[in-house]
Amino acid sequence: MENACPDFAPRLITWQRAQGRHDLPWQVTDPYRIWVSEIMLQQTRVETVIPYYARFLARFPDVQALAAAPLDEVMAHWSGLGYYSRARHLHAAAQRVMEAHGGAFPREPAVIETLPGIGRSTAAAIAAFAWETRAAILDGNVKRVLTRVFGIAGWPGERAVETRLWELAQRLLPSQDLRAYTQGLMDLGATRCTRTRPRCGECPFDSDCIAHRHGRQAELPGARPRKSLPEKAVQMLALLHAGEVQLEKRPAPGIWGGLWSLPECAVETDPVALLQGRGYRISAVRELPGFVHTFSHYRLHIRPWRIDVSRPQEAGEPGRLWLPLEEVADAALPAPVRRILEGLHVR
DNA sequence: AATGCGGGGAC
DNA sequence: GTCCCAGCATT
């Protein structure tokens, strides 16, 4: 497979030295500073990390200072970065480095990986940058570069594909210059082999890259399989009376919790009969155009109705109000409810 | 093997 | 809006 590009590593190293990034704040040899950067950079972009990194190192300049600091203060310096278990693990790992390793960061990737918050790729990156250790990384950048250059299909999150990528990453490792090589993989992925609109004309593997040769840059790496969302359906009832619409407050845990929404009923239910059973007198009924609202967990087919009532009921119940249509713009409404009501107001 | 974990930027 | 980002831990 790697026959597609037999001199991958030396070409990458040469490219990194000429075209790669050399001014990132964590391009140092202190393993502590490299370690902190690698944790912050997990699932987080370089531009986002830079200001946090500066503040963090100013307050916790070495592993001893981090281990001795209160966790609350570590968390405060992480505030806004997200994935806060990274900060808790970082703090715990600093204390273990002090107690189990006498304050000296371990050099062997297998030992580094036993520290909390450090997996295979992060352990390899720390060792490669700090000591030129021959260890393979496999982050999002590397997955993108390798799937494209070597034409590896499938979603990298799938076990079989990830196993292939780890094997390939391991086989491609040079015997020296691991610092430039590892940085080159990241630099290429970040500045040339980008997710969209890759700059193939400025890539050292231009002529060899399978994806470029076949115009498959957009197909590689393979996309996460689209999980088919469950389909649900509901009818929403816009009850109108004297220029006002009835709203219900959604229960607090649950979808749209705390927002004001329209009364609902199942699609099997006849809304007119339902309302008449509750004592409403109905003067006009019109079914409005249906549409689909997509959540992260399911797709909701919404069938809205405009129902003019001449004798409203259920007034004064808690969690139920009549809102003047003129005030729809300022109300706390779910997006699809707002869409329905704004459509009404135009008429 | 799947999911939870944040926030932000690109499109 | 969706997708992804210098991933890892947990189940």
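Order of the sequence lines sets the chain letters (A, B, ...), proteins ahead of strands, with each chain counted from 1. All values below were derived from every heavy atom in this structure, side-chain atoms included, with hydrogens, water molecules and symmetry-related copies excluded.
- Ring geometry, A:Phe105 versus A:Trp35: the interplanar angle falls from 30° to 60°, so the pair is classed tilted.
- Residues in residues 74-93 of chain A take part in no salt bridge (Lys or Arg N to Asp or Glu O under 4.0 Å) pair, two or more places apart or across chains.
- Cation-pi contact between A:Arg120 and A:Trp166: present, with separation from the ring centre below 6.0 Å and deviation from the ring axis of at most 45°.
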Give me the distances for all protein-to-nucleotides 9-11 of chain B N/O pairs that come in under 3.5 Å?
none

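- At a cut-off of 3.5 Å, with distance as the only test, a side-chain donor of A:Gln183 or A:Gln27 sits close to an acceptor on the other residue.
- Taking the side-chain hydrogen bond (donor to acceptor under 3.5 Å, both in side chains) definition, one finds that A:Glu108 meets it with nothing, sequence neighbours left out.
- Residues satisfying the side-chain hydrogen bond (donor to acceptor under 3.5 Å, both in side chains) criterion with A:Glu202, sequence neighbours excluded, are A:Arg199.
- With sequence neighbours excluded, no residue forms a ring-ring contact (aromatic ring centres under 6.0 Å, His included) with A:Tyr83.
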Sequence neighbours left out, cut at 3.5 Å: what donor-acceptor pairs do the side chains of residues 138-145 of chain A make with other protein atoms?
| from | atom 1 | to | atom 2 | distance (Å) |
| --- | --- | --- | --- | --- |
| A:Asp139 | OD1 | A:Asn141 | N | 3.0 |
| A:Asp139 | OD1 | A:Val142 | N | 2.9 |
| A:Asn141 | OD1 | A:Arg144 | NH2 | 2.8 |
| A:Arg144 | NE | A:Cys193 | O | 2.6 |
| A:Arg144 | NH2 | A:Gly189 | O | 2.8 |

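- Using atom P as the reference point in both C:dC3 and B:dT3, the two lie 15 Å apart (nearest Å).
- Aromatic pair A:His77/A:Phe60: ring centres closer than 6.0 Å.
- Applying the salt bridge (Lys or Arg N to Asp or Glu O under 4.0 Å) definition to pairs two or more places apart or across chains, none involves residues 268-277 of chain A.
- Contacts between residues 12-28 of chain A and DNA chain C, counted as heavy-atom distances below 4.0 Å, involve A:Arg21, A:Leu24, A:Trp26.
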All N/O pairs under 3.5 Å across the protein-nucleotides 7-11 of chain C interface:
| from | atom 1 | to | atom 2 | distance (Å) |
| --- | --- | --- | --- | --- |
| C:dG7 | OP1 | A:Gly140 | N | 2.8 |
| C:dG7 | OP2 | A:Gln43 | N | 2.9 |
| C:dG7 | OP2 | A:Gln43 | NE2 | 3.2 |
| C:dG7 | O3' | A:Thr122 | OG1 | 3.3 |
| C:dC8 | OP1 | A:Gly119 | N | 2.9 |
| C:dC8 | OP1 | A:Gly119 | O | 3.4 |
| C:dC8 | OP1 | A:Thr122 | N | 3.0 |
| C:dC8 | OP1 | A:Thr122 | OG1 | 2.7 |
| C:dA9 | OP1 | A:Gly117 | N | 2.7 |
| C:dA9 | OP1 | A:Ile118 | N | 3.4 |

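- Checked by atom type, the side-chain pair A:Glu132/A:Tyr181 shows no donor-acceptor distance below 3.5 Å.
- For A:Arg59, the side-chain hydrogen bond (donor to acceptor under 3.5 Å, both in side chains) partners are A:Glu73, not counting sequence neighbours.
- Annotation: B:dG6 and C:dT11 have their P atoms spaced 16 Å apart (nearest Å).
- Contacts between residues 175-193 of chain A and DNA chain C, counted as heavy-atom distances below 4.0 Å, involve A:Gln183, A:Met186.
- As rounded to whole Å, 13 Å separates atom P of C:dC5 from atom CD1 of A:Ile137.
- Mapped onto DNA chain B by nearest heavy atom, A:Arg159 and A:Gly82 fall at different nucleotides, with A:Arg159 at the one closer to the 5' end.
- Among residues two or more places apart in sequence or in another chain, the side-chain hydrogen bond (donor to acceptor under 3.5 Å, both in side chains) test is passed with A:Arg33 by none.
- Between the CG atom of A:Leu220 and the P atom of C:dC3 there is a distance of 17 Å, given to the nearest Å.
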